[in-house]
Protein chains: 2
Amino acid sequence: MTLSEEDYIKAIYHLGKGEQAPVSTNAVAEKMDTKPSSVTDMVKKLSEKGVVNYRRYKGVRLTEYGLKIALSIVRKHRLWEVFLVEKLHFSWDEVHEVAEQLEHVKSEKLIDELDKHLGFPKIDPHGDPIPSKEGEFKKAVKKLLSEVLTGTNGVCVGVKDSSPPFLKFLDKNNIALGDPIIVLEKEEFDGSLTIKINNKEMRISEQIASNLFVEIID
Amino acid sequence: MTLSEEDYIKAIYHLGKGEQAPVSTNAVAEKMDTKPSSVTDMVKKLSEKGVVNYRRYKGVRLTEYGLKIALSIVRKHRLWEVFLVEKLHFSWDEVHEVAEQLEHVKSEKLIDELDKHLGFPKIDPHGDPIPSKEGEFKKAVKKLLSEVLTGTNGVCVGVKDSSPPFLKFLDKNNIALGDPIIVLEKEEFDGSLTIKINNKEMRISEQIASNLFVEIID
DNA sequence: ATAATATTTTAGACAAATCTAAAAATTTGT
DNA sequence: ACAAATTTTTAGATTTGTCTAAAATATTAT
């Protein structure tokens, strides 16, 4: 697969939400910042290679083979994102464009070893799940922080209460959307939590925890 | 710079030994596994961009600007090689083709942080020096292991005594050419050394050390 | 149902990087 | 020094991925 082909496969995958729905030429063109006619050309080529099913004017869908390729690219992309954040101190919003380049590097051993080096993470810094080598992955689920089990890894993805005092609290404590979070301990007595966020441990009250949404792997 | 341009720049750099000597079209073609006519075309383009000096039939040389680019590519290549060996357990002979891909990833922060993550190494797993961000680097020097200072990082590059018993000894102890080596301690009494090789500590006699050449940074 | 609108495809052109075959310049051998 | 051999360049073609403009198909609104 060439660079360009891989980019198209990924775009079709992401637009296909899961995978099934056929994706329109225009949608792909917009996502890839290119022209619909270019998409038509590429999609024909991918179809000949057995990567997508395509009928003219009817949109395009990944085949099973194409889905496998897409998942392996997504896996690489997300593992590299974890690497950049955990090992190289990138912030979660800086990683995308670099991972976009790294995901195209071809070496099975590289990815296997990177996975091991990172401790086989199941979730990336944006809270999205990382497909296994075999292309399986769990869906991410949104829960209130107060409802997750001790030991859970997740990512902050939203607030229930968006009042200024609460937002100010988050800001003051350096908690931002997209931050990875781990629940280390739950205090039975008052429902307060010890969490690790941005590599810093802190304790938060049940009130706070029940107003913060996190995305976790089910 | 495109992928292809970067590959040509690197080839011209390596063939130029240091940098100065003009490099023949044929030599570049052979190194890049392409045809001389393709080299001529590319070299014209690089010349227009100010990367090389080129006069037809006279060969090609990097400009100062071109040299800077070459050194930044070499720096990236060698830092990735260190990463692959030290963090991902690649052996020194597996790293090249993967580093060849990684070296093209564009992100200044990525390389700065990688450098930091690796502890600012000065030498790659093949014993070649790593240029600094500013494009400076020390020359590698070949010495007998017995002559280097405690704490030195180096790479096995040859033997003085190539008799079967000595080679058998190296083999039995898993010491091969290309292996990275660190001198941890020198025993004054008998001149024996404690070294770390292949991530394993071992003690070797002065006799052995004075028959093994290592490449180090001066 | 059909006209207007929007989407998608086709046809033909272009730039980048490569190739082959032939021409031009350089180097070598005597 | 000059013919032969070698190296290098030119000219023209090819492939990949893209583009524009026009034609074909599908969708929508009345």
Side-chain angles (χ1 to χ4, degrees), chain A residues 1-17 21-63 66 69-70 73 100-101 103-106, chain B residues 1-17 21-63 66 69-70 73 100-101 103-106:
Chain A
M1 295 294 144
T2 66
L3 266 202
S4 201
E5 286 171 342
E6 290 192 352
D7 286 338
Y8 275 96
I9 292 169
K10 207 176 51 149
I12 294 165
Y13 170 76
H14 284 305
L15 290 167
K17 289 278 173 197
V23 176
S24 83
T25 302
N26 258 10
V28 177
E30 184 161 342
K31 175 146 235 177
M32 309 253 325
D33 199 25
T34 184
K35 302 291 165 182
S37 54
S38 307
V39 175
T40 302
D41 288 345
M42 179 56 88
V43 144
K44 277 182 188 166
K45 194 170 56 152
L46 291 176
S47 178
E48 301 218 323
K49 290 197 174 187
V51 174
V52 300
N53 283 124
Y54 166 66
R55 283 178 28 241
R56 49 213 236 307
Y57 295 103
K58 297 297 182 189
V60 63
R61 279 172 39 231
L62 292 176
T63 61
I69 297 172
I73 299 170
E100 200 87 338
Q101 298 179 64
E103 75 190 4
H104 296 295
V105 173
K106 276 156 192 71
Chain B
M1 293 296 143
T2 66
L3 265 201
S4 201
E5 287 171 341
E6 290 192 352
D7 285 338
Y8 275 96
I9 292 169
K10 207 175 51 150
I12 293 165
Y13 170 77
H14 284 304
L15 290 166
K17 288 281 175 198
V23 176
S24 83
T25 302
N26 258 12
V28 177
E30 184 161 343
K31 175 146 234 177
M32 309 254 325
D33 198 26
T34 184
K35 302 291 166 182
S37 54
S38 308
V39 175
T40 301
D41 287 347
M42 179 56 89
V43 144
K44 277 182 189 166
K45 194 169 57 152
L46 291 176
S47 178
E48 301 218 323
K49 289 196 176 190
V51 173
V52 300
N53 283 124
Y54 165 65
R55 284 177 29 239
R56 46 212 239 304
Y57 295 104
K58 296 299 182 188
V60 63
R61 281 170 39 231
L62 292 176
T63 60
I69 298 172
I73 299 170
E100 201 88 334
Q101 298 179 66
E103 76 191 3
H104 295 294
V105 174
K106 276 157 193 68

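Hydrogens, waters and symmetry mates play no part in the numbers below; they use all other heavy atoms, side chains included.
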Mind listing the N/O atom pairs, protein and nucleotides 1-5 of chain C, below 3.5 Å?
none

Under 3.5 Å, which protein N or O atoms sit close to an N or O of nucleotides 3-6 of chain D? Give each pair with its distance.
none

Sort me out a list of protein N/O and nucleotides 20-24 of chain D N/O pairs below 3.5 Å, or just none if empty.
residue: dT20(D); atom: O4; partner: Ser37(A); partner atom: OG; Å: 3.0
residue: dA24(D); atom: N3; partner: Tyr57(A); partner atom: OH; Å: 3.4

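Side-chain contact check for Asp7(B) versus His104(B): some heavy-atom pair is nearer than 4.5 Å.
In terms of phosphate contacts, Tyr54(A) brings no side-chain nitrogen or oxygen within less than 4.0 Å of OP1 or OP2 of dT8(C). In this model, the phosphate group of dT9(D) is not approached by any side-chain N or O of Lys44(B) to a distance below 4.0 Å at OP1 or OP2. When the side-chain nitrogen and oxygen atoms of Thr25(A) are compared with OP1 and OP2 of dT9(C), one or more of them lie within a distance under 4.0 Å.
Scored by the salt bridge (charged side-chain N to carboxylate O under 4.0 Å, His left out) test, Lys49(B) finds Glu5(B) as partners (sequence neighbours excluded). Looking at residues two or more places apart in sequence or on another chain, you find no salt bridge (charged side-chain N to carboxylate O under 4.0 Å, His left out) involving Lys44(B). With sequence neighbours excluded, no residue forms a salt bridge (charged side-chain N to carboxylate O under 4.0 Å, His left out) with Glu30(B).
Each of dT9(D), dC19(C), dC19(D) was ranked by its minimum atom distance to the side chain of Thr34(A); first place goes to dC19(D). Among the nucleotides dT9(C), dC19(D), dT9(D), the one closest to any side-chain atom of Asp41(A) is dC19(D).
One can place CG of Asp33(A) at 13 Å from C1' of dC19(D), the figure rounded to the nearest angstrom. One interatomic measurement links the two molecules: CD of Glu5(B) to P of dT18(C), which rounds to 10 Å at whole-angstrom precision. In this structure, the CG atom of Leu46(B) is 13 Å from the C1' atom of dA16(C), given to the nearest Å. One can place NZ of Lys49(A) at 11 Å from C1' of dT16(D), the figure rounded to the nearest angstrom.
With hydrogens and angles ignored, the 3.5 Å screen pairs no side-chain donor or acceptor of Thr25(A) with any backbone N or O of Thr40(A).
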